[in-house]
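Working notes, structure below.
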Number of protein chains: 2
Amino acid sequence: MADDERADLAAMLAPLVRALVAAERPILDEHGLTMWGYSVLLALAEQPTRTQAALAESIGADKTRIIGVLDDLQERGLLQRTPDPSDRRARVLSLTEDGRRVCGAAQADIRTMEEALLSRLPAADRRGFLSALRVLSTVPRGEIVSPRVH
Amino acid sequence: MADDERADLAAMLAPLVRALVAAERPILDEHGLTMWGYSVLLALAEQPTRTQAALAESIGADKTRIIGVLDDLQERGLLQRTPDPSDRRARVLSLTEDGRRVCGAAQADIRTMEEALLSRLPAADRRGFLSALRVLSTVPRGEIVSPRVH
DNA sequence: TATTGTTATACTCTATAACTATA
DNA sequence: TATAGTTATAGAGTATAACAATA
């Protein structure tokens, strides 16, 4: 298939993301996590401490959006939320041992599902796909937005 | 980077889709189209006639969701919606010349934006990415959903 | 006065249920 | 009775604005 006959990227990617999210949901259910809860755990596993607003922004959510999520995760002992002694307005967020364990277990199951999907690809395509994804997913969003023509 | 250190697919793909959609919005605006309107035109450009319910399903929308969209596109002369003579309950949908032109013009501008993005990739990655995307975006959704472990 | 986290409110988007007309 | 399309309603999800505590 010639390159210029391909469908729009968003038209191919959006249904794929929908399918992946749908496939993750039952897996996360088994681990007692919502999509936002899992997002929060993943972000904290990577960068232990932050302000709530920064955490929200890093996962593409509104700061008011994740408050209930944090309440729930804290209640279940998966993360700690303690006032920063040097600025008592801010809440320092960190995973508990349980939080790290639950996050890792969920991610392992998700990885299994993903590998089954990726096994459909020829090795070269798989390599190119993952490599491209690493590049594209880290392009600053502002640089993707098209320059206005006016 | 080792393969098993990669982030979850959805965690990489979702922000990319968000960025692509955000980049498409101003382009579609210039052509007087919404995302759903563009989706409808694209689907009809590929498969000229269908029932509204089938069209809705093919673009991942509820059948009630697209009625207003069809009203608008028809009013502006971009598509025709005529009762099927053989079953007057159904509405046969087809693009007008204007509809085909507008859809093509919008897609050309979107393609330009996408090419600028893809130019960041090494040739091999780009090839693998697009090839993989063609495969993955056509995997039946049911086959992605993970088998239950119970 | 500005900022962090929070709560309450309003808004957008989508799905559900009820209706009309055809079959 | 069943189905296509439509309309009206309700629900989920999200953002906006106002508030309390701290700086």
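A note on names: the letters A, B, ... follow the listed sequences, proteins ahead of strands, and every chain is numbered from 1.
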First contact, last contact: which nucleotides of DNA chain D are these for chain B, 5' to 3', heavy-atom distance under 4.0 Å?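 Extent of the interface on DNA chain D: D/dA2 to D/dT7.
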Any pair counted as ring pair (Phe, Tyr, Trp, His ring centres under 6.0 Å), so long as it reaches residues 46-68 of chain A, sequence neighbours left out: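 As it turns out, there is no ring pair (Phe, Tyr, Trp, His ring centres under 6.0 Å) pair with a partner in residues 46-68 of chain A once direct neighbours are skipped.
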Would you say the side chain of A/Leu9 lies within less than 4.5 Å of the side chain of B/Ile110, judging by non-hydrogen atoms?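 Of all side-chain heavy-atom pairs linking A/Leu9 with B/Ile110, none is under 4.5 Å.
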Hey, is B/Arg89 close enough to B/Asp84 for a salt bridge, meaning N to O under 4.0 Å?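 Between B/Asp84 and B/Arg89 there is no salt bridge, as every charged N stays at least 4.0 Å from the carboxylate O atoms.
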Charged N to carboxylate O below 4.0 Å: is that the case for B/Arg126 and B/Glu115?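 The answer is yes: the pair qualifies as a salt bridge.
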Within this structure, what is the CD-CG distance for the pair B/Glu24 and B/Asp29, rounded to the nearest 0.5 Å?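 Nearest 0.5 Å value for the CD-CG distance: 11.5 Å.
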Approximate separation, where rounding is to 0.5 Å, of A/Arg101 CZ and A/His31 NE2: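 Rounded to the nearest 0.5 Å, the CZ-NE2 separation comes to 10.0 Å.
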Under the rule for side-chain contact (heavy atoms from CB on, under 4.5 Å), what residues qualify as partners of B/Ala45, not counting sequence neighbours?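 So B/Ala45 forms a side-chain contact (heavy atoms from CB on, under 4.5 Å) with B/Leu95, B/Arg100.
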Do nucleotides 2-14 of chain C as a string where each nucleotide becomes B, S or -: B if the base has a protein heavy atom under 4.0 Å, S if just the sugar-phosphate does, - if no protein is that close. BBSBBB------S
Terminal axis angle for the helix from C/dT1-D/dA23 to C/dA23-D/dT1, five pairs an end, nearest 10 degrees: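 Terminal axis comparison yields 10°.
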Show which side-chain atoms of residues 55-63 of chain A pair as donor or acceptor with protein atoms under 3.5 Å away, not counting sequence neighbours.
| from | atom 1 | to | atom 2 | distance (Å) |
| --- | --- | --- | --- | --- |
| A/Ser58 | OG | A/Leu55 | O | 2.8 |
| A/Asp62 | OD2 | A/Thr64 | N | 2.9 |
| A/Asp62 | OD2 | A/Thr64 | OG1 | 2.7 |

Can you name the one residue among B/Val102, B/Ile66, B/Asp98, B/Leu79 that meets side chain to side chain contact (heavy atoms under 4.5 Å, CB included) with B/Leu73?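 Going through B/Val102, B/Ile66, B/Asp98, B/Leu79 one by one, the side chain to side chain contact (heavy atoms under 4.5 Å, CB included) with B/Leu73 is satisfied by B/Leu79 alone.
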Does A/Val92 belong to the same Ile/Leu/Val/Met/Phe/Trp/Tyr cluster as A/Val69, with side-chain heavy atoms less than 4.5 Å apart forming each link?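 No, separate clusters.
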